[in-house]
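Read the structure below first, then the notes.
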Amino acid sequence: MSTGYYSGLIDRYRSVLPLAEDSRAISLCEGNTPLVLCKNLEQANQKEIKMYLKYEGLNPTGSFKDRGMTVAVTQAVYEGSRAIICASTGNTSASAAAYAARAGIKAFVLIPEGNIAMGKLAQAMMHGAIILQIRGNFDDGMRLVKEVAENAPVNIVNSINPYRLQGQKTAAYEIVEELGCAPDFHCIPVGNAGNISAYWMGYSEIAAKASAHAPETATTSGLEARPRMLGYQAAGAAPFIAGKPIENPETVATAIRIGHPQSWDLAQRAVEESKGWFHAFSDEQILAAQMLLTAREGIFCEPASATSVAGALHDIEHDNIPGGSTVVCTLTGHGLKDPDIAIRQSSAELVTIDAELKSVKDAILKNL
Ligand SMILES: *Cc1c(COP(=O)(O)O)cnc(C)c1O
């Protein structure tokens with residue numbers, strides 16, 4: 001009997017996931033995230049552009065990583081694994097720690113010392129991961145994880161694990177189900193480049209199935225169309241703009257502070273096949289977009305996520321995205337992940353007053 005209870009993306013999308021039928025889903029009811037239509041961004045409104053935000057910060061651990069992690073950990077447990085390992089800029093470690101706790105296995109996480117947002121560190125600590133802070137960056141951690149996994153009985157759950165991208169592709173399925181077709185443009189921040197590759201895989205599967213089912217003479221259902229993929233990077237961590245890996249990536253958006261993207265070829269192909277493009281934005285532009293979303297749309301995402309909106313607004317202003325288009329921006333992680341950056345960049349004044357009615361009234365009248 002169908003009760004309408006949503007039990008996670010494996011139960012929802014098992015038919016398109018490469019999992020054994022008898023594998024037990026390790027799930028926290030991830031996925032099924034809102035697709036929020038922007039109402040107050042003049043840049044989009046003036047050109048009759050429908051701009052949607054795929055609010056992935058509302059996944060169980062606050063980022064899209066949960067989509068990949070549920071599938072990767074389900075498969076690891078199915079294979080009898082008792083430990084998982086990852087290198088992380090923060091969100092992968094938070095997600096791995098939570099799903100390992102759920103599964104009753106161990107999580108080892110390598111994080112760059114001093115460059116991980118507080119919320120993410122708190123999650124890894126609370127869920128009982130074994131945290132190895134390395135004196136190096138994400139790329140160093142990634143190299144070490146690949147080396148150690150060759151000799152130790154641990155499953156890598158970084159996005160080089162193919163089950164991660166399989167899980168993450170379900171976001172594209174959700175978007176097409178909600179809109180009735182693919183958007184014209186899909187805007188997404190690019191760090192290790194797994195997520196842009198996963199969306200492209202999802203959109204491509206849907207389109208291929210629709211084409212196979214459509215009789216040649218019939219009018220198309222619209223499901224055969226795929227969006228142009230727009231991959232946005234931080235200017236200080238933009239290997240796809242440089243056309244080669246870079247050595248010392250720097251950006252306030254720590255989730256995309258990556259110089260050696262592991263899914264280079266897949267991401268390159270997604271952008272080329274879709275006739276999309278890469279572009280990079282300064283930390284100032286990224287933080288301005290984050291502030292715009294919180295102040296104007298009521299949506300709080302972390303800095304890396306705002307890169308997709310910084311990019312969309314830039315490409316709308318420069319008519320690279322034409323008027324009348326439908327655009328989806330993935331907001332990869334929740335703003336509460338990184339309270340330090342938020343408080344540092346906010347200009348909000350904290351008004352201290354006496355605990356008496358007159359002071360409160362005066363403060364209200366002054367600010368109305
Ligand atoms: C992981 C992450 C990214 C980058 O995704 P990739 O698949 O590595 O390109 C962007 N934003 C947030 C919040 C993330 O956690």
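Hydrogens, waters and symmetry mates are skipped; everything else that's a heavy atom, side chains included, is used. None of the values given here were measured: they were computed from a predicted structure. As the structure lists them, so they are numbered: ligands from 1, and atoms in each ligand from 1.
How far CD of Glu56 is from CG of Asp66: 9.0 Å, rounded to the nearest 0.5 Å. Separating the CG atom in Leu230 from the CD1 atom in Ile196 is a distance of 8.0 Å, to the nearest 0.5 Å.
Given atom 12 (C) of ligand 1, the protein heavy atom at minimum distance is Thr332 OG1, 3.2 Å.
Checked against a 3.5 angstrom limit, the closest N/O atoms of Gly194 and ligand 1 fall inside it. Checked against a 3.5 angstrom limit, the closest N/O atoms of Gly191 and ligand 1 fall inside it. For ligand 1, the polar-atom distance check finds no N/O of Ser305 at less than 3.5 Å from any of the ligand's N/O atoms.
By the 4.0 Å heavy-atom criterion, Ser159 is excluded from the residues contacting ligand 1.
Close approach of ligand 1 to Asn192 (heavy-atom distance below 4.0 Å) involves ligand atoms 6 (P), 8 (O), 9 (O). Below 4.0 Å from some heavy atom of Lys65 lie the following atoms of ligand 1, by number and element: 1 (C), 2 (C), 3 (C), 14 (C), 15 (O).
Cluster annotation: Val145 and Val154 are assigned to the same hydrophobic cluster (Ile/Leu/Val/Met/Phe/Trp/Tyr, side-chain heavy-atom contacts under 4.5 Å, transitive).
The aromatic rings of His314 and Phe281 sit perpendicular, their planes meeting at an angle over 60°, well past the 30° parallel limit.
A salt bridge is absent between Arg269 and Asp265; no separation between the charged side-chain nitrogens and carboxylate oxygens falls under 4.0 Å.
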